[in-house]
Amino acid sequence: IMLHSTLALSLLLIAVSSNLAMAIKKEKRGPQTLSRGWGDEITWVQTYEEGLYQAKKSNKPLMVIHHLEDCQYCQALKKAFAENEEIQEMAQNNFVMLNLMHETTDKNLSPDGQYVPRIMFIDPSLTVRADITGRYSNRLYTYEPQDIPFLIENMKKALRLIQTEL
């Protein structure tokens, strides 16, 4: 009986530790928690400062998405953003990407207020592009799911500005 219970206990320990190992492995899936659902194939920077540094270093524009978890407009935009192949590809290859669930101290990122969702572009010279706006005059940097084609145009505009101005 003693031998039998020792065997059962060691089998139990093995089962527990392998489940634990799997749980740990899941956690270690890399920085993808930073995507927060906006696109798992995209490499996201963690902070605004890191984004500025990467933009300057890589000569790519920085795209900053301000959003909140419990905002239905953010959720709707996030879904449309994540499902759009053209956006995902551009974000992956041509932009430094940051999504934030808190405000930055940089007032240039809230020229017309602190609302969500808000998407702004910063060029590699670290200039916030107040000239790349969405369709709504009361919230210049907001986009709705149906504005995805417009957002794509603005992403292309941000890329063009680098070639022509910098």
Side-chain angles (χ1 to χ4, degrees), residues 26-27 29-166:
K26 254 194 210 108
E27 282 303 296
R29 212 179 111 233
Q32 270 331 311
T33 50
L34 291 176
S35 96
R36 299 187 182 94
W38 290 88
D40 283 343
E41 301 305 311
I42 298 168
T43 306
W44 297 88
V45 294
Q46 205 158 356
T47 63
Y48 181 53
E49 293 67 32
E50 184 190 346
L52 293 175
Y53 172 77
Q54 292 295 347
K56 201 172 175 69
K57 197 175 86 168
S58 65
N59 202 37
K60 291 177 179 177
L62 167 63
M63 183 171 172
V64 182
I65 305 170
H66 284 95
H67 64 106
L68 290 169
E69 208 50 66
D70 55 2
C71 154
Q72 63 180 14
Y73 304 103
C74 301
Q75 294 296 350
L77 181 64
K78 179 195 296 191
K79 187 176 187 303
F81 187 98
E83 287 172 359
N84 185 289
E85 280 177 37
E86 192 175 358
I87 283 188
Q88 291 292 308
E89 193 186 336
M90 272 198 291
Q92 215 172 320
N93 300 318
N94 309 109
F95 287 84
V96 175
M97 297 295 297
L98 172 66
N99 71 75
L100 287 177
M101 300 206 317
H102 57 83
E103 283 299 332
T104 62
T105 51
D106 186 345
K107 293 288 166 261
N108 296 314
L109 284 183
S110 50
D112 66 339
Q114 299 187 339
Y115 51 85
V116 291
R118 192 166 88 245
I119 299 179
M120 299 194 70
F121 297 92
I122 294 99
D123 68 35
S125 73
L126 307 187
T127 305
V128 175
R129 300 308 308 216
D131 53 349
I132 305 181
T133 55
R135 298 189 341 186
Y136 308 98
S137 55
N138 60 335
R139 293 187 163 196
L140 291 175
Y141 305 96
T142 204
Y143 297 85
E144 293 185 355
Q146 66 269 24
D147 303 328
I148 287 293
F150 200 78
L151 178 59
I152 290 171
E153 282 314 302
N154 276 346
M155 289 172 81
K156 290 178 178 168
K157 185 175 175 184
L159 293 171
R160 270 198 312 274
L161 285 172
I162 292 179
Q163 280 139 23
T164 55
E165 290 184 11
L166 306 177

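All of these numbers come straight from a predicted model, not from anything done at the bench.
The ring-ring contact (aromatic ring centres under 6.0 Å, His included) check on Tyr143 picks up nothing, with sequence neighbours excluded. Shown here are the side-chain hydrogen bond (donor to acceptor under 3.5 Å, both in side chains) partners of Asp112, two or more places apart in sequence or in another chain: Tyr115. In this view, Ile152 and Asn84, Glu86, Ile87, Met90, Ile148, Lys156 satisfy the side-chain contact (heavy atoms from CB on, under 4.5 Å) rule, not counting sequence neighbours. Every residue two or more places apart in sequence or in another chain was checked for a side-chain hydrogen bond (donor to acceptor under 3.5 Å, both in side chains) with Gln46, and none qualifies. Residues passing the side-chain hydrogen bond (donor to acceptor under 3.5 Å, both in side chains) test with Thr127, sequence neighbours excluded: Ser125.
Legend: side chain to side chain donor-acceptor pair (under 3.5 Å) pairs involving residues 97-108, not counting sequence neighbours, sorted by first then second residue: Arg36-Asn99, Tyr48-Asp106, His67-Asn99, Glu103-Arg118, Asp106-Asn108.
Results of the side chain to side chain contact (heavy atoms under 4.5 Å, CB included) test with Ile119 over Asp147, Ile65, Val64, Thr142 single out Ile65 as the only residue that passes.
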Tell me, with the steps shown, if Leu109 and Ile122 meet side-chain contact (heavy atoms from CB on, under 4.5 Å).
CA-CA 9 Å; Leu109 284 183; Ile122 294 99; 3.6 Å; yes
Run the side-chain contact (heavy atoms from CB on, under 4.5 Å) check on Lys60 and Phe95 step by step: do they pass?
CA-CA 5 Å; Lys60 291 177 179 177; Phe95 287 84; 5.7 Å; no
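With values rounded to the nearest 0.5 angstrom, Leu34 atom CG is found 10.5 Å from Asp40 atom CG.
Asn154 contributes no side-chain N or O that, together with a main-chain N or O of Leu151, makes up a donor-acceptor pair within less than 3.5 Å.
Between Gln75 and Glu69 there is a side-chain heavy-atom pair separated by less than 4.5 Å.
Between Phe81 and Trp38, the ring planes lie perpendicular to each other; the angle is over 60°, past the 30° to 60° tilted range.
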